[in-house]
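Note: hydrogens, waters and symmetry copies are ignored here, and every other heavy atom, side chains too, is used. Keep in mind it's a predicted model, so treat the numbers as computed, not measured. One is the number of the first residue; the rest follow in order along the sequence.
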Amino acid sequence: MLNSSFAMGLSAASLLVCISNLIFTYILGKNDKSHNRVYAVIVFILTINSLTGIFSAIAGSGELPIKDAILLQKISRTVYFITHTALCPMFYYYVSKVSFVSVRFSSIKTKIIAIPFVITELLAISNPFTNYVWYIDNKGEFHRLWGEMLIYLSALFYYILATVVLVTSWSVISKKRKSALLFCLILVALGVLTQLINKNLKVEVLAESIGFTGVLMSVENEDDRIDFGMDFYNRSALSLDISGALKHNRKLSVIIIHIRNYDIINRIAGNGESNVLSSILADYLRSLVKRYYIYVPNVDTFVLTVYSRDTEKVERMASGIADMFDKPWDYKDYNIHMDASIMVAEIPDNIKSVKDLFYMTDNPVSNDVDMRIIKGDSLNVFMRRQEVEDAVSHGFAENSFEVYYQPTFNIDGSLHGAEALIRMHDKKLGNLYPDEFIPIAESNGLVDDIDRFVLNEACRLIESGVTKENGIDNINVNLSVTECMKPGFIENINRIVEKYKIDKNNINFEITESIAASDYGTLGGIIHQLKDEGFLFSMDDYGTGYSNVSAVFSLNLDVVKIDKSLLWGAEKSELGMIILENTIRMIREMGKKILVEGVETSAQIELLKKLGVDYLQGFYFSKPIPKDDFIDFIREKHLAE
């Protein structure tokens with residue numbers, strides 16, 4: 001009687017827990033995902049198991065006639081084994097879904113894994129006729145047979161599979177989900193072991209019910225995955241879901257929609273709402289894919305995931321999206337025009353990591369790109385930029401940077417100086433040129449480090465004495481104007497150069513015309529202070545920007561470097577020659593020295609002699625070369641002179 005009362009109490013407690021879980025599952029209202037439905041099935045199974053436990057306790061209480069008690073016991077046990085046998089296979093299926101493992105019933109692998117479940121389920125269903133699993137004798141005593149052990153072994157098999165899936169997917173499951181699933185696994189194991197050791201302690205179903213309560217709170221409840229302002233899944237959810245797909249080699253497509261004029265839309269129609277885009281687009285996006293395939297990694301960006309191997313279908317969807325954004329959207333009293341860029345990428349063909357995906361979402365298509373939809377090979381430009389960013393970020397740690405030197409010459413052909421130029425040799429990407437990596441270094445804040453690296457290398461070369469010995473007056477070092485504007489810049493420059501104990505007039509800083517135009521007043525003051533210290537200054541690429549001429553020459557420069565485009569243009573047309581002649585005349589009348597870049601022929605040298613320039617630089621003399629080659633070059637040239 002005590003055992004029956006105790007068993008009934010445990011079963012009643014389990015039933016209460018299960019009913020509560022079902023009610024809260026309904027309240028959450030999230031039952032459209034496959035793992036939501038599997039969870040509901042598991043809780044329903046445990047609810048039935050709890051009821052059968054209550055009926056078994058009633059049958060064993062001794063209050064019913066023996067014949068009725070035996071019948072009730074048989075019915076309860078039969079229903080229990082039929083339903084409970086499915087519990088562990090369903091749990092494995094649930095963990096697989098939560099862990100982003102693709103479980104398709106049509107696959108051979110899934111069919112093989114299902115064999116133990118099918119066999120044991122048939123044993124449970126046929127037991128009333130075969131008695132292979134259990135039987136009840138005429139006295140109402142319950143007896144276990146070999147079939148029950150087979151059911152337990154099958155359950156252990158699926159329990160181990162679920163554990164393996166959880167362990168192998170550890171990195172792609174959130175901390176909260178991992179804790180809940182691990183708690184459930186441990187609690188289930190403790191409940192089963194306890195009941196195996198002491199058959200009178202009917203705690204297995206209660207332990208399972210409590211374990212799945214934790215799953216309800218931490219897995220089924222997706223508050224940590226939802227962006228409540230936008231009412232779609234957030235950046236963290238996108239990261240974990242794509243990580244899971246990559247981890248388990250699930251192929252899918254992503255459509256990235258970036259609203260380039262979000263700020264304007266938000267100011268016009270937002271009225272303080274944080275979800276103005278969601279309000280406009282929600283219904284349309286949900287008509288394309290299910291709500292749990294829509295993510296908002298940024299307030300102005302939507303990502304749709306399409307688990308389909310039909311690329312044509314995905315491209316048609318993207319084309320339809322582009323058509324929609326060609327039209328205005330009705331929102332309250334507004335007609336909203338959205339400037340949207342759309343990218344379509346395949347996982348894992350185009351996107352091989354979460355970092356790749358977020359690079360695409362965080363660096364949308366430039367307005368200069370006139371393609372309607374960016375896809376396929378056109379995505380390579382984004383991937384290439386990310387690769388270069390990574391290379392630049394690790395450049396100093398991997399010794400990827402090297403300074404090359406391109407000599408400059410007096411108009412009579414004798415050595416004058418050299419320009420220090422940064423080059424990059426990445427282990428993965430090979431040789432990278434400044435035109436590609438310098439803009440990236442400027443955007444991620446590493447250009448200052450590069451400038452200081454070049455200055456240190458130039459100072460180290462001058463300190464060696466080899467430049468002075470071979471007729472080199474100074475080394476030109478390019479200077480980032482953004483670095484010039486930072487507090488402490490002058491002190492930093494002096495500190496670097498003074499460390500090498502060299503004359504400051506051995507350093508000629510080059511600034512670019514188009515950049516210098518941004519703030520002549522501040523830059524002019526900095527140049528003035530550095531020139532007082534002894535440094536020289538040149539204007540680089542003159543003729544390519546749109547600076548005010550008087551402002552440029554108010555910067556108190558020593559040398560103006562005329563861009564190669566003016567020299568080459570002078571050879572192509574009479575107008576080009578007029579521009580070059582008048583540019584040189586103007587600079588000379590302002591009392592500045594002139595260096596012309598891009599010299600490649602002897603005819604160009606003769607022309608520039610007639611025009612009265614001071615210095616020459618170009619491939620006619622030498623391309624930029626590594627330090628050791630440069631030293632050999634100037635020594636040979638110096639000896640020849």
Side-chain angles (χ1 to χ4, degrees), residues 405-421 435 471-479 481 505 507-518 520 523-524 527-528 530-531 535-624 637 641:
Y405 297 88
Q406 185 176 25
T408 60
F409 291 80
N410 294 304
I411 193 64
D412 62 5
S414 61
L415 280 168
H416 161 254
E419 181 178 2
L421 298 164
D435 288 349
I472 298 293
D473 295 334
N474 50 63
I475 300 292
N476 290 19
V477 176
N478 288 283
L479 202 60
V481 176
N505 60 13
I507 300 293
N508 187 335
F509 288 118
E510 293 188 9
I511 54 176
T512 302
E513 173 196 353
S514 57
I515 300 177
S518 61
Y520 293 114
L523 186 60
I527 291 175
H528 179 76
L530 287 174
K531 283 183 66 67
F535 295 104
L536 304 177
F537 269 85
S538 296
M539 172 66 70
D540 194 17
D541 298 334
Y542 184 79
T544 60
Y546 302 93
S547 305
N548 180 280
V549 174
S550 62
V552 169
F553 287 98
S554 70
L555 294 176
N556 191 23
L557 304 165
D558 298 286
V559 180
V560 175
K561 298 181 70 173
I562 294 178
D563 187 72
K564 60 189 177 185
S565 60
L566 269 67
L567 173 61
W568 295 350
E571 295 181 304
K572 295 177 180 178
S573 67
E574 182 178 350
L575 177 61
M577 181 63 73
I578 292 172
I579 292 172
L580 178 63
E581 289 176 345
N582 282 281
T583 299
I584 291 173
R585 182 182 301 111
M586 178 183 64
I587 296 171
R588 289 186 62 81
E589 289 177 354
M590 291 185 176
K592 312 294 182 184
K593 296 287 187 179
I594 302 171
L595 184 151
V596 178
E597 301 173 304
V599 177
E600 295 184 350
T601 66
S602 57
Q604 290 172 339
I605 295 174
E606 292 304 314
L607 169 64
L608 295 173
K609 281 182 179 179
K610 293 178 183 177
L611 295 177
V613 306
D614 302 285
Y615 311 116
L616 308 173
Q617 181 179 0
F619 282 10
Y620 179 85
F621 305 101
S622 173
K623 63 180 181 180
K637 186 71 178 176
E641 293 176 357

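Partners of Lys531 according to the side-chain hydrogen bond (donor to acceptor under 3.5 Å, both in side chains) rule, which considers only residues two or more places apart in sequence or in another chain, are Asp558. Judged as a side chain to side chain contact (heavy atoms under 4.5 Å, CB included), and not counting sequence neighbours, the contacts of Met586 are Tyr542, Val549, Phe553, Met590. Partners of Asn474 under the side-chain hydrogen bond (donor to acceptor under 3.5 Å, both in side chains) rule, at least two apart in sequence or in another chain, do not exist in this structure. Shown here are the side chain to side chain contact (heavy atoms under 4.5 Å, CB included) partners of Asp412, two or more places apart in sequence or in another chain: Asn410, Ser414. Remark: Asp563 engages Asp541, Thr544, Ser565, Glu597 in a side chain to side chain contact (heavy atoms under 4.5 Å, CB included) (not counting sequence neighbours). For Asp473, the side-chain hydrogen bond (donor to acceptor under 3.5 Å, both in side chains) criterion is met by no residue, not counting sequence neighbours. Under the ring pair (Phe, Tyr, Trp, His ring centres under 6.0 Å) criterion, Tyr405 pairs with Phe630, sequence neighbours left out. Among residues two or more places apart in sequence or in another chain, the salt bridge (charged side-chain N to carboxylate O under 4.0 Å, His left out) test is passed with Lys564 by none. Looking at residues two or more places apart in sequence or on another chain, you find a side chain to side chain contact (heavy atoms under 4.5 Å, CB included) between Lys623 and Phe619, Ile625.
Under the 30°/60° scheme for interplanar angles, the aromatic rings of Phe509 and Phe537 are found to be tilted.
Put simply, the side chain of Ile594 does not reach to within 4.5 Å of the side chain of Val559, judged on heavy atoms. Counting heavy atoms from C-beta outward, Ile511 and Ile527 have side chains that approach closer than 4.5 Å. Looking at Ile587 and Ile562, their side chains come closer than 4.5 Å, going by heavy atoms from C-beta outward.
Among residues at least two apart or in separate chains, side-chain hydrogen bond (donor to acceptor under 3.5 Å, both in side chains) pairs with a member in residues 612-622 are Gln406-Gln617, Glu419-Gln617, Lys561-Gln617. Identified under the side-chain hydrogen bond (donor to acceptor under 3.5 Å, both in side chains) test for residues 566-583, with sequence neighbours left out: Glu571-Gln604, Asn582-Arg585.
Closest approach of Leu611 to Arg588, counting heavy atoms only: O-CD, 4.1 Å. Contact detail for Gly417 and Ile472: the closest heavy-atom pair is O-CD1, 3.6 Å. When all heavy atoms of Ile584 and Leu608 are compared, the closest pair comes out as CD1-CD2, 4.5 Å. Considering all non-hydrogen atoms of both residues, Pro624 and Leu421 come closest at CG-CD1, 3.6 Å. When every heavy atom of Asn478 is checked against every heavy atom of Ala420, the shortest pair comes out as ND2-O, 3.7 Å. Between Leu567 and Gly598, the shortest heavy-atom distance links the atoms CD2-O, 3.9 Å.
A distance of 10.0 Å separates CD of Glu510 from CG of Leu479, quoted to the nearest 0.5 Å. For the atom pair CD (Glu606) and OG1 (Thr601), the distance works out to 9.5 Å, reported to the nearest 0.5 Å.
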Decide yes or no on side-chain contact (heavy atoms from CB on, under 4.5 Å) for Ile507 and Leu536, but give the supporting numbers first.
CA-CA 6 Å; Ile507 300 293; Leu536 304 177; over 6 Å; no

side-chain contact (heavy atoms from CB on, under 4.5 Å), that's the test. Do Asn476 and Asp540 meet it? Break it down for me.
CA-CA 10 Å; Asn476 290 19; Asp540 194 17; over 6 Å; no

Start with the C-alpha distance between Leu607 and Leu580, add both sets of side-chain angles, then the distance that settles side-chain contact (heavy atoms from CB on, under 4.5 Å), and finish with yes or no.
CA-CA 11 Å; Leu607 169 64; Leu580 178 63; 4.3 Å; yes

Mind running side-chain contact (heavy atoms from CB on, under 4.5 Å) on Ile605 and Val599 for me, showing each step along the way?
CA-CA 7 Å; Ile605 295 174; Val599 177; 3.6 Å; yes

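Using modelled atom types, one side-chain atom of Asn508 and one backbone atom of Ser538 make a donor-acceptor pair closer than 3.5 Å.
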